[in-house]
Amino acid sequence: MNRRLCLARRPAGKLTTTDLVLIDEPVPVPGPGEVLVRNTWLSIDPSIRIRLAETTPDGYLPPLRPGDALSGLALGVVAETRNPDYAVGDLVSHTLGYREFAVVGTGAQTLGGYGAPTRVDPGDLPPQWFLGPLGSAGLTAYVGLVEILELSAADTLWVSSAAGAVGAVAAQLAALRGVTVLGSAGSPDKVAYLRDELGIAAFDYHEPTLAESLAALAPTGIDAYFDNVGGDHLTAALDALRPQGRVALCGAVSGYDGAAPAGPPNLFTMVAKGLRMRGFRAGSFNYLEQPMRVEVGGHLAAGRLVHRESIFDGIEQAAAALVAMLAGATTGKTLCRLA
Ligand SMILES: NC(=O)c1ccc[n+]([C@@H]2O[C@H](COP(=O)([O-])OP(=O)(O)OC[C@H]3O[C@@H](n4cnc5c(N)ncnc54)[C@H](OP(=O)(O)O)[C@@H]3O)[C@@H](O)[C@H]2O)c1
C-alpha cells in the first residue's frame, strides 16, 4: 500500500495536524514514459501552507482542495520504470513528496520550475543535502544573494529567518564572501546557534523591537535585506536601509500560517531612498545550480559552512514536521525520512 498525506479540511488559523490526514491507497502503476519512485526523503517547506488556503496569490500555484495530496520536493529511488531514460535504482528528485510512492512522468507538475524526475548523484555526500544546501534551499540562497541583491563585500546584509533552511545558507554564504551579515530568528536557542555555530551577528525578532535590534547591530543602517518573512520584518528593513539599498523578496512566511499578510505601510521610503526591491523564485534560475553547488559544496566539504537538519521519521510524522516547521520549532533544513 501507499500512504499519502492529504488535506482533510482547510485550516482555520494556524495549521494543526488534524487538518491533514494520511490516506492509504494501492501503490500507483506507472504508465508509458513514467517511473514509479519510492520516496526516501521529503522536503518540508513552508510554501505548501499557501496552497492550503481557499485562494492563492495570482501567479502562484493553485490551492489544494480537501482530499488532495500535498506536494513538495522529494528524493526517491526508481522502483519501476517505463521510461528508457531511467533505470531501476536511480536516485531522483521530483515534486511529488508527502507520499511513500509516486508515479512521476517527464511532463510532471512543476513547483516553481522543478518538475520531471531529475537524476541525483550524491557521491559520498548525504543524499538529503540535495533537498537542502545543495538543492532548492541552496539555490534560493544563491540566487537571492548573487542575482537579486548583487552583493559586494562592502555591504551590510540582514537575513531574516536566518536559522532556517534558506536563511542559514544565505547568511553563511554572504559572510564567506566578505559581507557583514546580521541574522534574525525567533528564539534564544536559534540566536545562540547563529552566533556561536554560524559566527553571524544575530538577534531575536521578538524583543526588544526590530528597529532597536537593527539599530544596535547596524547603527549606520543596512545595504541589503534578504526577506524570508515579509510583514513587520520588511517594514523594519525599509526603514533601516541606506539610500540605494536593495531587497530580495524570497518569501513572506509571517503571512502563511493563518495570519493575514501584512504589507509594509512605509513603501514610500523606497521612493525617498531610491531603494530596489525584487521578488524571485529560485526555480526560474535553475541554470545557476552548478555554480551554486561548486561554491556551497566547496564550503560544506571544507567545514566552512555549517548545516543542521531537523529530521522526522516516517510518513506518519510528515504532518507534525510541517506544523513544527511553521511554528519555528525546527532549525536548519526540515526533512521527513522514509524507511
Ligand atoms: N523564492 C523561492 O524560490 C523560495 C524557495 C524556497 C523557500 N522560499 C521561502 O524562503 C523562506 C524560508 O523558507 P525555508 O524553507 O528556509 O523555511 P525555514 O526558514 O527553514 O522555516 C520557516 C521558519 O519561518 C520562521 N517563522 C515562522 N513564522 C514567522 C513569523 N511570523 N515571523 C518570523 N519568522 C517566522 C520560523 O523560524 P523562527 O523560529 O526564526 O521564527 C520557521 O522556522 C520562506 O518564506 C519560503 O517561502 C522561497
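Atoms within each ligand, like the ligands themselves, are counted from 1 in listed order.
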Using a strict cut-off of less than 4.0 Å between a Lys/Arg side-chain nitrogen and an Asp/Glu carboxylate oxygen, indicate whether [X] and [Y] qualify as a salt bridge.
X: Glu147; Y: Arg278; value: no
X: Arg276; Y: Glu150; value: yes
X: Glu316; Y: Arg3; value: yes
X: Arg4; Y: Glu100; value: no

| field | Parallel, tilted or perpendicular, as decided by the 30° and 60° cut-offs, for the rings of Trp158 and Phe203 | value |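 It falls in the tilted class, 30° to 60°.
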With atoms numbered from 1 as shown, which atoms in ligand 1 lie under 4.0 angstrom from a non-hydrogen atom of [X]?
X: Ala185; answer: 40 (O)
X: Ala252; answer: 45 (O)
X: Phe280; answer: 1 (N), 2 (C)
X: Ala282; answer: 2 (C), 3 (O)
X: Tyr256; answer: 45 (O), 46 (C), 47 (O)
X: Pro46; answer: 13 (O), 14 (P), 15 (O), 17 (O), 44 (C), 46 (C)

Which bit of [X] is near ligand 1, meaning a heavy atom under 4.0 Å away: side chain, backbone, both or neither?
X: Met325; answer: both
X: Asp257; answer: neither
X: Asn228; answer: both

| field | Nearest neighbour of atom 32 (N) of ligand 1 from the list Ile148, Asp45, Leu326, Val229, on a heavy-atom basis | value |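 Selected option, by shortest heavy-atom distance: Val229.
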| query | Any side-chain heavy atom of His233 within less than 4.5 Å of one from Leu210? | reply |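 His233 reaches Leu210 side chain to side chain.
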| task | Keeping the roles fixed (side chain from Asp155, backbone from Asp223), state whether a donor-acceptor pair exists under 3.5 Å. | result |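 Looks like no, no N/O pair under 3.5 Å.
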